[in-house]
Structures are given as C-alpha cells and as structure tokens.
Colleague: 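This is the structure, below, for whatever I ask next.
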Amino acid sequence: MKLCAYRCRRCGATDHPKPLVCAACGGRAFDEVPLEGMVTLLTYTRVYNLPEGIDKPYLDFGIVEFENGVRVTGQLEVRGEARIGMKLKAETGVVRLLPDGPREGFIFKEL
C-alpha cells in the first residue's frame with residue numbers, strides 16, 4: 001500500500017490527508033504525490049495504554065517531516081532511544097489487527 005499527500009493544482013501547496021479545500025488558496029483540485037523515502041523525526045512519544053488489536057506492551061509514535069515538507073504521524077521502529085532530528089526511512093505496513101481486517105499506516109524505521 002502506498003500512502004499519498006495531495007498537491008493543490010492551483011498553488012502547489014501539499015497536504016496529508018487530502019483536504020476538501022486547499023488552506024492556502026481555496027483550490028479544490030489535487031494531484032496525488034507519493035509519500036515515501038527519507039524523513040526527519042520532529043518529536044515522539046511512547047504509549048503504554050494501547051487499543052484493542054495491538055499486542056505489544058507499548059508503541060513509539062513520532063511526527064516526521066518528509067523532504068517535501070509534509071508532516072505526518074506514524075509508528076517508530078528504532079533500536080534504543082529515538083532522537084529528535086534523526087533520519088528515518090518511511091514505509092507502510094500493518095499497524096493494527098481488527099476483527100474486520102488489518103489496518104495499514106506509516107512505520108518509520110532506523111537506517
């Protein structure tokens with residue numbers, strides 16, 4: 001599964017997830033832009049109280065910035081402690097198992 005950002009056809013502003021209206025110019029037409037590759041970790045947290053469908057004692061989540069400036073959140077998979085500013089690789093994968101099927105999302109991995 002590939003996750004995408006959306007670039008406004010009128011002004012070029014890029015957002016994720018897809019907006020109904022461009023916040024920068026009011027445009028309503030967007031082109032998909034794949035979100036993949038290298039990201040920079042902006043901040044992170046560890047969550048212990050996890051919802052049903054996640055069979056782990058805790059998960060690390062982070063907010064990252066792609067090279068095109070788009071910021072997203074997702075799971076962190078790093079050895080040891082995460083560090084703000086570290087470079088990670090963005091991937092997609094199963095992040096949660098629910099009775100009606102798996103859910104996919106961003107997973108940020110250490111190089």
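We use all heavy atoms of the structure for the numbers below, so side chains are in, but hydrogens, waters and symmetry mates are not. Everything numeric in this text was worked out from a predicted model, so none of it was measured.
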Colleague: Please tell me whether Leu111 and Phe106 are part of a single hydrophobic cluster in this structure, the criterion being side-chain heavy atoms less than 4.5 Å apart.
Modeller: no
Colleague: Would you mind reporting whether Glu81 and Tyr44 have side-chain heavy atoms less than 4.5 Å apart?
Modeller: yes
Colleague: Honestly curious: do Phe30 and Val72 fall in one hydrophobic cluster under the side-chain, below-4.5 Å linking rule?
Modeller: no
Colleague: Which residues pass the side-chain contact (heavy atoms from CB on, under 4.5 Å) test with Asp100, not counting sequence neighbours?
Modeller: Leu98, Arg103
Colleague: Within the structure provided, determine whether Val70 and Glu65 are in side-chain contact (heavy-atom separation under 4.5 Å).
Modeller: no
Colleague: Enter the distance from Ile107:CD1 to Leu59:CG here, rounded to the nearest 0.5 Å.
Modeller: 10.0 Å
Colleague: Hey, are the side chains of Lys109 and Arg79 touching, using non-hydrogen atoms and a 4.5 Å cut-off?
Modeller: no
Colleague: Only one of Glu67, Arg71, Lys87 clears side-chain hydrogen bond (donor to acceptor under 3.5 Å, both in side chains) with Thr40; which?
Modeller: Lys87
Colleague: State the CD-CG distance between Glu91 and Leu3, to the nearest 0.5 angstrom.
Modeller: 12.0 Å
Colleague: So how far is it from Ile63 CD1 to Leu76 CG, rounded to the nearest 0.5 Å?
Modeller: 10.5 Å
Colleague: Can you give me every donor-acceptor pair (side chain of residues 4-20, partner residue at least two apart or in another chain, under 3.5 Å) with its distance?
Modeller:
| unit_1 | atom_1 | unit_2 | atom_2 | d |
| --- | --- | --- | --- | --- |
| Arg9 | NE | Asp31 | OD1 | 2.8 |
| Arg9 | NH2 | Asp31 | OD1 | 3.0 |
| Arg10 | NH1 | Cys25 | O | 2.9 |
| Thr14 | OG1 | Gly12 | O | 3.4 |
| His16 | ND1 | Cys4 | O | 2.9 |

Colleague: Kindly indicate whether the side chain of Cys22, heavy atoms from C-beta on, has any atom under 4.5 Å from the side chain of Arg28.
Modeller: no
Colleague: Taking Gln75 for its side chain and Val95 for its backbone only, find out whether a donor-acceptor pair lies under 3.5 Å.
Modeller: yes
Colleague: If I compare all heavy atoms of Phe108 with all of Thr73, which pair ends up nearest, and what's the gap?
Modeller: CE1-C, 3.9 Å
Colleague: According to a hydrophobic-cluster definition based on side-chain heavy atoms being under 4.5 Å apart (Ile, Leu, Val, Met, Phe, Trp, Tyr only), do Met86 and Ile84 belong together?
Modeller: yes
Colleague: Hey, what else clusters with Val33 if you join Ile, Leu, Val, Met, Phe, Trp, Tyr whenever side-chain heavy atoms sit under 4.5 Å?
Modeller: none
